[in-house]
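Values in this document were obtained by computation on a predicted structure and should not be read as measured data.
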Amino acid sequence: MNVGLNEYLILSALLFAIGFLGVLVRKNTLVIYMCLELMLNAANLALVAFSAFNHNLDGQVFVFFIITVAAAEVSVGLALIVAVYRKRQVTHVEDLATLKL
Amino acid sequence: MDNLLFCFFAALTLGFALAMVFNKNTVNAVLCLLLSLLGVAGVFALLDALLLSVLLVFVYAGAVVALFLFIVMLLNLQDLPKKPYKKISLFAGMIAAALLGLGVWSFVTRGQFSAAPVAKVFHDGLKDYGAMLFTTYLLPVEVVGFLLLVAMLGVIVLSKKLVGREESK
């Protein structure tokens, strides 16, 4: 078996599925956030694979922007989690139900 | 050789991703995320995206994972009481997981490109990459720089102790 575009895409889909599974089954806010990062990286993987197999660098430039935005997102998100923890002392998503009707 | 490396990095990525999802200890989960991201960086290197591979290790391993580890240790989440799932959310989660599995399965069995292109060598890849960043994508680069500035200011505002507001309550 020679590794082609399909294998890279399957790897990306599996990684995305694992990240999504983590978002579904875990209840710790920090772990859910880490799973979101995993899903972002699955998308990165698909973009880089398409870019490499199509001789086109645009996908890789896009991944550069995704990494930058992810770094900004992580910093703001973690600051929000810490702010919520300071106010309420909770990190479980089920305890954060004040907005629920 | 490429096949062997691909299998190694794919196993590293998927294995540690699963380990991260099902790890009870949050610190261990963060370290599993780190190893999984190293696997992704290895796959990037296999695809000749060497700059992105190095960048991923720097940004994720150097900044993001370190930040996660710092926050986990700061909040000290080691011994949280284990709560059972609610029945309705368990049901919804099982349906969602089944749909997800079905989606991956149908992708693996039917979503194949029959004639995918094979060769993948970039001559002067890095040079072209830099040129694109500073010509075609100059405006997005500026916007992303501005976004980083805004994020930095936002974090400062969020994590500052608002002294006046606390006292007024």
Provide the closest heavy-atom pair for [X] versus [Y] in the form atom of the first, atom of the second, distance.
{"X": "B:Val59", "Y": "A:Ala71", "result": "CG1-CB, 4.0 Å"}
{"X": "A:Leu24", "Y": "B:Gly93", "result": "CD1-O, 4.2 Å"}
{"X": "A:Arg86", "Y": "B:Lys160", "result": "NH2-O, 3.8 Å"}
{"X": "A:Cys35", "Y": "B:Val21", "result": "SG-CG2, 4.1 Å"}

To the nearest 0.5 Å, what is the distance between [atom1] ([X]) and [atom2] ([Y])?
{"X": "A:Tyr85", "Y": "B:Leu74", "atom1": "OH", "atom2": "CG", "value": "8.5 Å"}
{"X": "B:Thr26", "Y": "A:Leu30", "atom1": "OG1", "atom2": "CG", "value": "7.0 Å"}
{"X": "B:Leu34", "Y": "A:Met34", "atom1": "CG", "atom2": "CE", "value": "10.5 Å"}
{"X": "B:Leu158", "Y": "A:Leu78", "atom1": "CG", "atom2": "CG", "value": "11.0 Å"}
{"X": "A:Tyr8", "Y": "B:Leu47", "atom1": "OH", "atom2": "CG", "value": "4.0 Å"}
{"X": "B:Phe16", "Y": "A:Ile18", "atom1": "CZ", "atom2": "CD1", "value": "12.5 Å"}

Before giving the answer on side-chain contact (heavy atoms from CB on, under 4.5 Å), spell out for A:Asn44 and B:Phe44 the whole-Å C-alpha distance, their side-chain angles and the decisive distance to 0.1 Å.
-> CA-CA 9 Å; A:Asn44 282 348; B:Phe44 278 11; 3.8 Å; yes
Assigning hydrophobic clusters by single linkage (Ile, Leu, Val, Met, Phe, Trp, Tyr; side-chain heavy-atom cutoff under 4.5 Å), is [X] placed with [Y]?
{"X": "B:Leu31", "Y": "B:Phe58", "answer": "no"}
{"X": "B:Val143", "Y": "B:Met152", "answer": "no"}
{"X": "B:Leu126", "Y": "A:Val61", "answer": "yes"}
{"X": "B:Val54", "Y": "A:Ile67", "answer": "no"}
{"X": "B:Leu148", "Y": "A:Val76", "answer": "no"}

With a 4.5 angstrom heavy-atom cut-off, which part of [X] approaches chain A: side chain, backbone, both or neither?
{"X": "B:Leu33", "result": "side chain"}
{"X": "B:Met132", "result": "side chain"}
{"X": "B:Val141", "result": "both"}
{"X": "B:Leu14", "result": "both"}
{"X": "B:Val65", "result": "neither"}
{"X": "B:Ala63", "result": "neither"}
{"X": "B:Leu100", "result": "side chain"}
{"X": "B:Leu90", "result": "neither"}
{"X": "B:Phe107", "result": "side chain"}

Note, [X] side chain near [Y] side chain (heavy atom, < 4.5 Å):
{"X": "A:Leu15", "Y": "B:Val40", "result": "yes"}
{"X": "B:Leu56", "Y": "A:Asn41", "result": "yes"}
{"X": "A:Phe65", "Y": "B:Leu133", "result": "yes"}

Give the member of B:Leu147, B:Leu67, B:Leu52 that has the highest number of heavy-atom pairs under 4.5 Å with chain A.
->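 Option with the greatest count: B:Leu52.
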Step by step, would you call B:Thr13 with A:Leu45 a side-chain contact (heavy atoms from CB on, under 4.5 Å)?
-> CA-CA 11 Å; B:Thr13 307; A:Leu45 199 57; 5.8 Å; no
Counting heavy-atom pairs under 4.5 Å to chain B, which of A:Ile32, A:Val69, A:Asp58, A:Leu38 comes out on top?
->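 The answer is A:Asp58.
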For chain B, which of A:Thr68, A:Val31, A:Val23 has the most heavy-atom pairs under 4.5 Å?
-> A:Thr68
Look at atom [atom1] of [X] and say whether more than 12 heavy atoms of other residues, nucleotides or ligands are closer to it than 6.0 Å.
{"X": "A:Phe20", "atom1": "CZ", "answer": "no"}
{"X": "B:Leu153", "atom1": "CG", "answer": "yes"}
{"X": "B:Leu4", "atom1": "CG", "answer": "no"}

Working for side-chain contact (heavy atoms from CB on, under 4.5 Å), residues B:Phe9 and A:Leu11 | CA-CA 10 Å; B:Phe9 284 128; A:Leu11 174 64; over 6 Å; no
With only heavy atoms counted, which part of [X] is less than 4.5 Å from chain B, the side chain, the backbone, both or neither?
{"X": "A:Phe16", "answer": "neither"}
{"X": "A:Leu80", "answer": "both"}
{"X": "A:Ala83", "answer": "side chain"}

Kindly say whether A:Glu37 contributes a backbone atom to a donor-acceptor pair with the side chain of B:Tyr60 at under 3.5 angstrom?
-> no
Full working for side-chain contact (heavy atoms from CB on, under 4.5 Å) between A:Val82 and B:Ser159 | CA-CA 8 Å; A:Val82 170; B:Ser159 53; over 6 Å; no
Ring-ring centroid check A:Phe62 B:Tyr137, cutoff 6.0 Å =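 No, too far apart.
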